[in-house]
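Working notes, beginning with the structure itself.
The sequence lines fix the lettering, A, B, ..., with proteins before strands; numbering per chain opens at 1.
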Protein chains: 2
Amino acid sequence: MSEQGSRAVGRAGAGRPGVPNATVARLPVYLRALHALADVGRTTVSSEALAEAAGVGSAKLRKDLSHLGSYGTRGVGYDVGELVHHISSTLGLGQRWSVVLVGVGNLGQALAGYGGFDDRGFRVAALVDADPARVGEVVAGLTVLPLQDLPRVVREQGVSIGVIATPATGAQDVCDRLVAAGVRSILNFAPAVLQVPPGVDVRRVDLSNELQILSFHEHRKAALADQVVSA
Amino acid sequence: MSEQGSRAVGRAGAGRPGVPNATVARLPVYLRALHALADVGRTTVSSEALAEAAGVGSAKLRKDLSHLGSYGTRGVGYDVGELVHHISSTLGLGQRWSVVLVGVGNLGQALAGYGGFDDRGFRVAALVDADPARVGEVVAGLTVLPLQDLPRVVREQGVSIGVIATPATGAQDVCDRLVAAGVRSILNFAPAVLQVPPGVDVRRVDLSNELQILSFHEHRKAALADQVVSA
DNA sequence: ACGCGCTTGTGAACGCGCGCACAAAGTCGG
DNA sequence: CCGACTTTGTGCGCGCGTTCACAAGCGCGT
């Protein structure tokens with residue numbers, strides 16, 4: 001996110017009161033839990049049960065849902081189908097977003113083959129790679145295109161989201177090209193901090209970072225255990 | 001993280017004042033930026049410059065670093081090498097952590113082959129998969145082991161971190177087995193919320209979630225643009 | 001028709017984290 | 001040795017997000 005701490009406030013008139021950022025980050029989790037419930041045949045669910053499935057407190061869940069309107073029934077709970085609809089709508093999943101994936105190395109190929117994309121509302125429109133040797137290769141049913149084709153692909157396929165799965169070197173270059181081509185939302189798997197103009201959102205997913213954070217906690221737990229032992 | 005909002009406070013005596021969680025999450029980013037600076041030959045760096053490279057404000061950076069002691073020199077900046085040392089130490093990267101990777105599907109194989117593990121302090125000690133057909137396969141130089149071997153592998157290899165790269169189905173089972181085997185830190189790539197006993201940390205990395213969050217912002221930007229046009 | 005029990009929705013307090021702005025502290029030139 | 005400049009370290013106020021606790025609302029049984 002381009003450093004906009006503010007909540008996503010909608011203008012008056014239409015009247016969406018604005019959904020806090022922290023809430024938005026949890027909506028996908030709720031959505032998945034709801035789909036799972038629907039698959040099992042449940043039609044209603046209480047905040048308590050849904051919160052349990054999503055791994056959050058029930059009060060937090062209720063407040064989150066309250067930000068997108070009152071769709072629960074007191075004494076009963078929430079209608080699963082209705083809630084799925086409203087959350088999907090809030091997240092903008094009514095339409096199918098087209099995604100361009102840049103970098104077909106180890107990780108890129110895994111992402112291309114991952115079912116998680118098609119899952120709900122996302123379509124991999126094209127694969128792109130900077131390495132001329134890879135261009136023309138067919139991965140997951142798509143032909144790998146050269147970097148130069150980005151503007152055309154974005155335009156013709158109506159791409160609005162870019163996924164960067166390149167090495168850290170060149171990630172910024174790819175990012176610049178994506179932005180220049182008109183992409184305003186980027187998911188970055190490269191271990192690099194990307195500089196983007198205002199209005200462009202970047203979300204970073206960094207494997208190494210996550211491991212190091214775990215390392216910290218593990219380290220702390222180990223130190224704590226030693227202390228207890230020596231006490 | 002098992003729902004412990006509190007900061008990682010160290011007991012008196014030894015005197016570590018406790019590092020805020022938000023800070024810990026940023027330390028790996030600083031560390032990477034510092035390594036990049038070191039590679040270019042820089043020996044000192046100002047908070048302003050480092051903050052720029054890490055994509056944060058300089059005040060925030062200084063406050064973060066202050067939590068692990070005063071290692072800067074006023075009027076000069078921070079010594080790159082020294083800072084790398086102290087951050088690494090705080091994160092517990094002094095030792096090499098052994099990691100077991102469960103699930104050698106699309107994503108699992110990509111992770112196994114990813115250089116990001118060996119990068120700094122992490123070693124993939126073993127690969128495990130529930131599918132008997134995959135057991136015995138050699139991936140990234142390691143032979144895939146059956147799920148039953150988890151306890152032995154964890155014990156013999158001193159594994160302390162588990163990575164789950166299985167489908168959502170079975171992720172909880174794998175998680176339980178990891179915990180039973182003694183693993184207290186888990187990185188979960190499966191699209192599922194894992195239930196763990198207290199004392200076990202779980203970090204979730206969910207591709208689909210990230211895309212949906214981007215979708216929300218893209219959706220909002222589109223709505224905003226329409227509004228401007230119609231105004 | 002009416003009250004009882006269940007569940008939602010929210011008002012209010014709290015705590016964390018962020019950013020500003022400045023004082024403390026060190027360097028460098030003269 | 002001193003003064004000016006640079007950069008760190010931090011005290012303080014603010015705003016977001018989480019949590020508690022409860023009142024409002026709805027269904028169901030009688």
Side-chain angles (χ1 to χ4, degrees), chain A residues 1-9 16-27 29-30 34 37 42-80 82-83 86-87 90 213, chain B residues 1-9 16-27 29-30 34 37 42-80 82-83 86-87 90 213:
Chain A
M1 204 136 346
S2 56
E3 207 61 34
Q4 63 192 27
S6 73
R7 64 189 53 185
V9 59
R16 300 306 170 297
V19 183
N21 254 323
T23 295
V24 172
R26 281 186 294 268
L27 289 181
V29 181
Y30 302 155
L34 286 167
L37 286 170
R42 297 220 25 188
T43 61
T44 63
V45 64
S46 72
S47 65
E48 196 74 41
L50 184 53
E52 162 80 15
V56 301
S58 63
K60 195 190 290 193
L61 173 76
R62 286 198 300 275
K63 186 151 284 187
D64 281 344
L65 294 184
S66 78
H67 285 122
L68 34 123
S70 288
Y71 300 116
T73 306
R74 297 169 193 244
V76 177
Y78 299 91
D79 182 277
V80 172
E82 198 178 359
L83 209 46
H86 284 297
I87 293 181
T90 300
I213 295 170
Chain B
M1 200 135 353
S2 58
E3 207 61 35
Q4 63 194 27
S6 72
R7 65 189 52 183
V9 59
R16 300 307 170 296
V19 184
N21 253 323
T23 296
V24 172
R26 281 187 294 268
L27 288 181
V29 181
Y30 302 155
L34 286 167
L37 287 170
R42 298 221 23 189
T43 61
T44 64
V45 64
S46 71
S47 64
E48 196 75 41
L50 184 53
E52 162 80 16
V56 301
S58 63
K60 196 190 290 192
L61 172 75
R62 286 198 298 275
K63 188 156 287 187
D64 281 343
L65 294 185
S66 78
H67 285 122
L68 35 123
S70 287
Y71 300 116
T73 307
R74 297 170 193 241
V76 178
Y78 299 90
D79 182 276
V80 173
E82 198 179 357
L83 208 46
H86 284 298
I87 293 180
T90 300
I213 294 170

Subject >> Below 4.0 Å: OP1/OP2 of dT7(D) and any side-chain N or O of S47(B) >> reply: no
Original post:
Can you tell which of dG11(D), dT19(D), dG17(D) lies closest to the side chain of K63(A)?
Top reply: dT19(D)
Original post:
In whole angstrom, what separates L27(B)'s CG from dG17(C)'s P?
Top reply: 13 Å
**OP:** State, yes or no, whether a side-chain contact exists between V56(B) and Y30(B) at a heavy-atom distance under 4.5 Å.
**Re:** yes
Original post:
Would you call D79(B) and L83(B) a side-chain contact if the rule is heavy atoms closer than 4.5 Å?
Top reply: no
Original post:
Which of these passes side-chain hydrogen bond (donor to acceptor under 3.5 Å, both in side chains) with S47(A): E52(A), K60(A), R62(A)?
Top reply: R62(A)
Subject >> Test side-chain hydrogen bond (donor to acceptor under 3.5 Å, both in side chains) applied to S46(B) - qualifying residues, sequence neighbours left out >> reply: none
Are any protein N/O atoms closer than 3.5 Å to N/O atoms in nucleotides 25-30 of chain C? If there are, list each pair with its distance.
from    : atom 1 : to     : atom 2 : distance (Å)
dA25(C) : O4'    : R74(B) : NE     : 3.3

Original post:
Touch check for G57(B), heavy atoms < 4.0 angstrom, all strands: base, sugar-phosphate only, or nothing?
Top reply: nothing
Original post:
Between L61(A) (CG) and dT7(C) (P), how many Å, whole number?
Top reply: 14 Å
Original post:
D64(B) CG to dG9(D) P: how many Å, rounded?
Top reply: 12 Å
Subject >> side-chain contact (heavy atoms from CB on, under 4.5 Å) partner of V24(B), chosen from L68(B), T90(B), V19(B) >> reply: V19(B)
Original post:
Which nucleotide in the set dG17(C), dA21(D), dG9(C) lies at the smallest distance from any side-chain heavy atom of Y78(A)?
Top reply: dG9(C)
**OP:** Rounded to the nearest angstrom, tell me the gap between atom CG in N21(A) and atom P in dC18(C).
**Re:** 14 Å
Original post:
How long is the gap from CG on L34(B) to CD on E82(B), to the nearest 0.5 Å?
Top reply: 11.5 Å
Original post:
Rounded to whole angstroms, how far apart are CD on E48(B) and C1' on dG9(D)?
Top reply: 15 Å
Subject >> Side-chain touch L65(A)/T23(A), heavy atoms, less than 4.5 angstrom >> reply: no
Original post:
Quick one: is dC18(C) close enough that its OP1 or OP2 comes under 4.0 Å of any side-chain N or O from R26(B)?
Top reply: yes
Subject >> Atom-to-atom span, CG of L68(B) to C1' of dT8(D) - whole angstrom >> reply: 14 Å
Subject >> Earlier contact from the 5' end, DNA chain D, for R62(A) and S70(B) >> reply: S70(B)
Original post:
Which one, dG17(D), dA21(C), dA21(D), comes nearest to the side chain of A59(B)?
Top reply: dA21(C)
**OP:** Would you kindly give the OH-to-P distance between Y71(A) and dG9(C), to the nearest whole Å?
**Re:** 11 Å
Subject >> Whole-Å distance separating the NE2 atom of H67(B) from the P atom of dG17(C) >> reply: 9 Å
